[in-house]
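A short write-up of the structure that comes next.
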Amino acid sequence: MFGYASLVGFAEPAALPGRLRGFRRGWGAAMDNWAAVNDPKHFIDRGTGERLRVRVAYLDIHESEGASVNGLAIPVDEARLVALDAREVNYERIDISDAFEQVGADARASSGPQGAAQPPRRVFTYVGTEAGRERCRRGAAEGNVCVSADYLAAVRRAFADLRSDALVEFDRTTDPLLFPERDLELVRSR
(Lines give C-alpha, C1' and ligand atoms only; values in the text may rest on other atoms or scores of the structure.)
Protein backbone atom coordinates (compact mmCIF):
# COMPACT_ATOMS: atom_id res chain seq x y z
CA MET A 1 0.00 0.00 0.00
CA PHE A 2 1.51 3.34 -1.05
CA GLY A 3 0.96 5.98 1.59
CA TYR A 4 1.34 9.62 0.59
CA ALA A 5 -0.11 11.24 3.75
CA SER A 6 -1.09 9.78 7.13
CA LEU A 7 -0.21 6.19 6.11
CA VAL A 8 3.45 7.27 5.99
CA GLY A 9 3.20 7.24 9.78
CA PHE A 10 2.80 3.45 9.55
CA ALA A 11 6.48 3.15 8.60
CA GLU A 12 8.12 -0.17 9.42
CA PRO A 13 11.47 -1.75 8.49
CA ALA A 14 10.06 -3.56 5.44
CA ALA A 15 8.46 -0.37 4.00
CA LEU A 16 10.00 1.06 0.84
CA PRO A 17 10.41 4.80 0.16
CA GLY A 18 9.11 5.67 -3.28
CA ARG A 19 7.35 8.02 -5.62
CA LEU A 20 4.07 7.81 -7.44
CA ARG A 21 4.57 9.18 -10.96
CA GLY A 22 1.78 11.06 -12.71
CA PHE A 23 0.01 12.31 -9.56
CA ARG A 24 -0.05 15.49 -7.47
CA ARG A 25 -1.05 15.77 -3.78
CA GLY A 26 -3.64 18.28 -2.59
CA TRP A 27 -6.44 18.89 -0.14
CA GLY A 28 -9.23 17.25 -2.06
CA ALA A 29 -11.36 14.92 0.11
CA ALA A 30 -13.51 15.80 3.10
CA MET A 31 -15.95 14.33 5.57
CA ASP A 32 -19.12 15.90 6.91
CA ASN A 33 -18.26 15.95 10.60
CA TRP A 34 -21.93 16.13 11.61
CA ALA A 35 -23.15 13.19 9.49
CA ALA A 36 -24.32 10.06 11.29
CA VAL A 37 -22.31 7.91 8.89
CA ASN A 38 -19.21 9.38 10.54
CA ASP A 39 -20.23 8.34 14.08
CA PRO A 40 -17.38 5.80 14.36
CA LYS A 41 -15.01 8.70 13.66
CA HIS A 42 -15.65 12.39 14.12
CA PHE A 43 -13.98 15.48 15.53
CA ILE A 44 -14.78 17.69 18.47
CA ASP A 45 -13.50 21.17 19.25
CA ARG A 46 -10.69 20.58 21.74
CA GLY A 47 -11.65 23.65 23.78
CA THR A 48 -15.43 23.20 24.00
CA GLY A 49 -15.94 19.47 23.38
CA GLU A 50 -18.55 20.37 20.77
CA ARG A 51 -19.02 18.22 17.66
CA LEU A 52 -18.76 20.95 15.05
CA ARG A 53 -20.84 21.27 11.90
CA VAL A 54 -17.80 21.53 9.60
CA ARG A 55 -16.29 19.56 6.78
CA VAL A 56 -12.85 18.22 7.64
CA ALA A 57 -10.47 18.00 4.68
CA TYR A 58 -7.78 15.41 4.08
CA LEU A 59 -4.95 15.02 1.62
CA ASP A 60 -5.80 13.34 -1.67
CA ILE A 61 -4.00 12.78 -4.94
CA HIS A 62 -5.12 13.51 -8.47
CA GLU A 63 -3.62 12.65 -11.83
CA SER A 64 -1.20 15.26 -13.11
CA GLU A 65 1.07 14.62 -16.07
CA GLY A 66 4.75 15.06 -15.26
CA ALA A 67 4.15 15.34 -11.51
CA SER A 68 4.98 12.90 -8.73
CA VAL A 69 4.42 12.52 -5.00
CA ASN A 70 6.72 10.94 -2.46
CA GLY A 71 5.65 8.42 0.12
CA LEU A 72 6.11 4.93 1.40
CA ALA A 73 5.07 1.48 0.13
CA ILE A 74 3.97 -0.53 3.16
CA PRO A 75 3.70 -4.32 2.96
CA VAL A 76 0.14 -5.56 3.56
CA ASP A 77 -1.54 -8.92 3.75
CA GLU A 78 -5.23 -9.53 3.11
CA ALA A 79 -6.26 -8.86 6.73
CA ARG A 80 -4.36 -5.55 6.85
CA LEU A 81 -5.84 -4.55 3.50
CA VAL A 82 -9.36 -5.13 4.84
CA ALA A 83 -8.54 -3.05 7.95
CA LEU A 84 -7.13 -0.22 5.83
CA ASP A 85 -10.17 -0.27 3.52
CA ALA A 86 -12.41 0.09 6.60
CA ARG A 87 -10.25 2.96 7.90
CA GLU A 88 -10.20 4.89 4.62
CA VAL A 89 -13.95 5.52 4.34
CA ASN A 90 -13.57 8.66 2.21
CA TYR A 91 -11.25 6.92 -0.25
CA GLU A 92 -11.24 4.09 -2.73
CA ARG A 93 -8.33 1.73 -3.35
CA ILE A 94 -6.73 1.70 -6.82
CA ASP A 95 -3.87 -0.27 -8.34
CA ILE A 96 -0.92 2.03 -9.13
CA SER A 97 1.71 -0.67 -9.75
CA ASP A 98 2.86 0.86 -13.05
CA ALA A 99 3.25 4.33 -11.51
CA PHE A 100 5.23 3.34 -8.39
CA GLU A 101 8.97 3.99 -8.38
CA GLN A 102 11.14 2.81 -5.52
CA VAL A 103 13.75 5.43 -4.45
CA GLY A 104 16.75 5.73 -2.17
CA ALA A 105 19.15 3.11 -0.88
CA ASP A 106 16.47 0.41 -1.01
CA ALA A 107 16.10 0.93 -4.78
CA ARG A 108 19.82 0.36 -5.32
CA ALA A 109 19.73 -2.74 -3.07
CA SER A 110 16.89 -4.32 -5.06
CA SER A 111 19.25 -5.25 -7.86
CA GLY A 112 21.81 -6.63 -5.37
CA PRO A 113 22.28 -10.00 -3.75
CA GLN A 114 19.49 -12.38 -2.84
CA GLY A 115 17.69 -11.22 0.31
CA ALA A 116 18.00 -7.51 -0.51
CA ALA A 117 14.84 -5.39 -0.62
CA GLN A 118 12.79 -6.25 -3.68
CA PRO A 119 10.29 -3.90 -5.31
CA PRO A 120 6.67 -4.94 -4.72
CA ARG A 121 4.82 -6.82 -7.46
CA ARG A 122 1.56 -4.91 -6.91
CA VAL A 123 1.09 -1.53 -5.29
CA PHE A 124 -2.19 0.07 -4.31
CA THR A 125 -3.07 3.50 -2.98
CA TYR A 126 -6.19 5.38 -1.95
CA VAL A 127 -7.79 8.24 -3.85
CA GLY A 128 -10.72 10.32 -2.66
CA THR A 129 -14.15 9.03 -3.57
CA GLU A 130 -16.21 11.30 -5.77
CA ALA A 131 -18.50 11.93 -2.78
CA GLY A 132 -15.52 12.87 -0.59
CA ARG A 133 -14.20 15.20 -3.26
CA GLU A 134 -17.63 16.78 -3.72
CA ARG A 135 -17.86 17.41 0.05
CA CYS A 136 -14.52 19.21 -0.11
CA ARG A 137 -15.61 21.33 -3.09
CA ARG A 138 -18.93 22.15 -1.41
CA GLY A 139 -17.19 23.01 1.86
CA ALA A 140 -14.77 25.32 0.07
CA ALA A 141 -17.65 27.09 -1.69
CA GLU A 142 -19.64 27.39 1.55
CA GLY A 143 -16.64 28.35 3.69
CA ASN A 144 -17.13 25.57 6.23
CA VAL A 145 -14.14 23.30 5.50
CA CYS A 146 -11.09 23.05 7.70
CA VAL A 147 -8.11 20.80 8.40
CA SER A 148 -7.33 19.17 11.72
CA ALA A 149 -4.10 20.71 13.02
CA ASP A 150 -3.24 17.31 14.57
CA TYR A 151 -3.65 15.55 11.20
CA LEU A 152 -1.41 18.04 9.41
CA ALA A 153 1.23 17.89 12.16
CA ALA A 154 1.22 14.06 12.14
CA VAL A 155 1.65 13.91 8.36
CA ARG A 156 4.50 16.44 8.41
CA ARG A 157 6.18 14.61 11.31
CA ALA A 158 5.94 11.27 9.46
CA PHE A 159 7.65 12.75 6.39
CA ALA A 160 10.32 14.45 8.53
CA ASP A 161 11.06 11.06 10.13
CA LEU A 162 11.12 9.22 6.78
CA ARG A 163 14.45 10.54 5.51
CA SER A 164 16.35 13.83 5.50
CA ASP A 165 14.80 15.34 2.34
CA ALA A 166 11.32 13.76 2.49
CA LEU A 167 9.56 16.73 4.15
CA VAL A 168 11.08 19.17 1.64
CA GLU A 169 9.85 16.95 -1.20
CA PHE A 170 6.43 16.64 0.48
CA ASP A 171 6.12 20.45 0.59
CA ARG A 172 7.25 20.79 -3.03
CA THR A 173 4.79 18.16 -4.32
CA THR A 174 1.74 19.24 -2.28
CA ASP A 175 -0.71 21.98 -3.22
CA PRO A 176 -0.84 24.84 -0.69
CA LEU A 177 -3.29 24.54 2.19
CA LEU A 178 -6.20 26.85 1.40
CA PHE A 179 -8.36 25.92 4.40
CA PRO A 180 -7.97 27.03 8.00
CA GLU A 181 -6.43 24.70 10.55
CA ARG A 182 -8.60 23.94 13.59
CA ASP A 183 -7.63 22.50 16.97
CA LEU A 184 -9.79 19.38 16.67
CA GLU A 185 -9.71 16.19 18.67
CA LEU A 186 -10.39 12.92 16.84
CA VAL A 187 -13.00 10.73 18.53
CA ARG A 188 -13.30 7.05 17.61
CA SER A 189 -16.24 5.16 19.03
CA ARG A 190 -15.06 1.70 18.00
Side-chain angles (χ1 to χ4, degrees), residues 1-31 38 40-41 55-107 110 117-137 147-148 150-163 165-177 179 186:
M1 180 60 62
F2 181 77
Y4 56 84
S6 62
L7 290 181
V8 172
F10 288 31
E12 57 187 58
L16 302 173
R19 283 192 192 88
L20 183 57
R21 296 180 315 274
F23 288 85
R24 177 120 178 121
R25 188 175 18 230
W27 299 90
M31 64 178 269
N38 294 318
K41 172 185 161 182
R55 292 185 171 97
V56 181
Y58 296 96
L59 286 163
D60 188 12
I61 54 173
H62 56 275
E63 290 187 42
S64 180
E65 190 174 330
S68 67
V69 297
N70 61 327
L72 198 60
I74 304 159
V76 294
D77 58 15
E78 191 61 36
R80 193 165 188 196
L81 203 52
V82 168
L84 286 171
D85 285 351
R87 176 186 186 266
E88 301 296 331
V89 297
N90 292 297
Y91 296 85
E92 61 185 329
R93 178 171 25 114
I94 63 168
D95 188 324
I96 46 91
S97 300
D98 293 338
F100 174 75
E101 172 184 48
Q102 191 176 341
V103 298
D106 292 323
S110 68
Q118 296 295 315
R121 292 184 303 273
R122 292 187 72 196
V123 183
F124 299 96
T125 197
Y126 291 101
V127 296
T129 62
E130 188 49 43
R133 290 174 173 179
E134 178 56 29
R135 285 189 293 272
C136 195
R137 286 189 292 268
V147 170
S148 164
D150 287 351
Y151 170 79
L152 179 56
V155 170
R156 293 184 60 77
R157 190 171 40 256
F159 276 91
D161 292 345
L162 189 56
R163 59 177 204 276
D165 63 341
L167 182 57
V168 170
E169 187 175 351
F170 169 85
D171 287 337
R172 184 180 52 75
T173 61
T174 303
D175 293 339
L177 177 58
F179 311 127
L186 178 62

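Along the sequence shown, residues are numbered consecutively beginning with 1. Note that this is a predicted model, so its numbers are computed, not measured.
- Looking only at side-chain heavy atoms (C-beta outward), R80 and I74 come within less than 4.5 Å of each other.
- For D98, the CG atom is loosely surrounded, since the number of other residues' heavy atoms within 6.0 Å does not exceed 12.
- Between D60 and Y4 there is a side-chain heavy-atom pair separated by less than 4.5 Å.
- Of all heavy-atom pairs spanning A29 and G128, the tightest one is CB-CA, 4.3 Å.
- Here the side chains of I96 and F23 are in contact, with some heavy-atom distance below 4.5 Å.
- Using a 4.0 Å cut-off between a side-chain N of Lys or Arg and a carboxylate O of Asp or Glu, R25 and E169 do not qualify as a salt bridge.
- Looking at heavy atoms from C-beta onward, Y58 lies in side-chain contact with Y91 at the 4.5 angstrom threshold.
- Atom CD of E63 has 12 or fewer heavy atoms from other residues, nucleotides or ligands within 6.0 Å.
- Contact of the V103 side chain with the N70 side chain is not registered, since no non-hydrogen atoms from C-beta on lie closer than 4.5 Å.
- Nearest heavy-atom pair, H62 versus D175, reported as atom, atom and distance to 0.1 Å: CE1-OD2, 3.6 Å.
- Side chains of D95 and S97: a donor on one and an acceptor on the other come within 3.5 Å.
- Y126 places none of its side-chain heavy atoms less than 4.5 Å from the side chain of I61.
- Using a 4.0 Å cut-off between charged side-chain N and carboxylate O, R156 and D171 make a salt bridge.
- The 12-atom threshold is exceeded at CD of E130, counting heavy atoms of other residues, nucleotides or ligands nearer than 6.0 Å.
- Between R93 and M1, the closest side-chain pair of non-hydrogen atoms falls below 4.5 Å.
- Looking only at side-chain heavy atoms (C-beta outward), Y151 and L59 come within less than 4.5 Å of each other.
- Electrostatic pairing of E134 and R137 counts as a salt bridge here, judged by a charged N lying under 4.0 Å from a carboxylate O.
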